[in-house]
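Report on the following structure.
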Amino acid sequence: MNNPYDTENIFAKILRGEIPNDTVLETEHALAFRDIQPQAPQHVLVIPKGPYVNYDHFAHTASDAEIVGYTRAIGKVCEMLGVQPGAGGDGYRMIANTGSDGVQEVPHLHIHILGGRRLGRMLQSKT
Ligand code: DGP
């Protein structure tokens with residue numbers, strides 16, 4: 001599996017503090033910040049701090065501590081945004097666009113958490 005990581009991608013620059021961001025949460029293994037082009041009232045990106053291109057790269061090569069830390073950070077962000085259905089929220093959508101078919105613009109793993117409105121069907125029914 002070949003997942004070359006571009007250290008000049010925009011999220012790498014955010015992690016290095018070279019570009020500002022609207023931070024929601026920072027932990028040992030993750031950073032969450034508001035998307036610059038929000039598509040819902042709540043639109044937060046959660047990224048691991050390590051150099052992972054996409055989720056399958058992360059799942060195959062990250063340490064257990066990174067995987068747990070990243071996953072817990074995603075859960076914490078959902079809690080902070082008040083979108084958890086089990087805690088009175090109205091729900092949310094998690095998206096990880098990956099590669100060319102997934103129309104991934106930034107080659108550093110990021111999960112979008114979107115909420116605050118009805119988001120419609122996941123995909124238009126084209127096959
Ligand atoms: P995608 O790779 O297609 O999942 O989308 C990348 C997202 O990243 C897109 O919603 C816009 C967002 N984005 C791109 N550049 C920046 C930036 O410099 N700051 C922030 N906060 N978000 C960005």
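Counting starts at 1 for both ligands and their atoms, following the listed order.
- A salt bridge (Lys or Arg N to Asp or Glu O under 4.0 Å) check over residues 58-74, counting only residues at least two apart or in different chains, returns nothing.
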Only pairs under 3.5 Å count here: list side-chain donor-acceptor contacts from residues 79-102, not counting sequence neighbours, and write none if there are none.
unit_1	atom_1	unit_2	atom_2	d
Arg93	NH2	Gly120	O	2.6
Thr98	OG1	Ala96	O	3.0

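- The shortest side-chain heavy-atom distance between Ile19 and Asn21 does not fall under the 4.5 Å cut-off.
- Side-chain atoms of Gln42 and Arg117 include no donor-acceptor pair closer than 3.5 Å.
- Taking Ile, Leu, Val, Met, Phe, Trp and Tyr as hydrophobic and joining them when side-chain heavy atoms fall under 4.5 Å apart, one finds Tyr5 in a cluster with Val53.
- A salt bridge links Lys49 with Glu26: at least one charged nitrogen is closer than 4.0 Å to a carboxylate oxygen.
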One pair per line, please: each N/O atom of ligand 1 matched with every protein N/O atom under 3.5 Å away, atom names first, then the distance to 0.1 Å.
unit_1	atom_1	unit_2	atom_2	d
ligand 1	2 (O)	Glu105	N	2.7
ligand 1	2 (O)	Val106	N	3.1
ligand 1	2 (O)	His110	NE2	2.9
ligand 1	3 (O)	Val103	O	2.9
ligand 1	3 (O)	Glu105	N	3.3
ligand 1	4 (O)	Asn97	ND2	2.9
ligand 1	4 (O)	His110	NE2	2.7
ligand 1	4 (O)	His112	NE2	2.7
ligand 1	10 (O)	Asp35	OD1	3.1
ligand 1	10 (O)	Asp35	OD2	2.6
ligand 1	21 (N)	Arg34	O	2.9
ligand 1	21 (N)	Ile36	N	3.4
ligand 1	22 (N)	Ile36	N	3.2

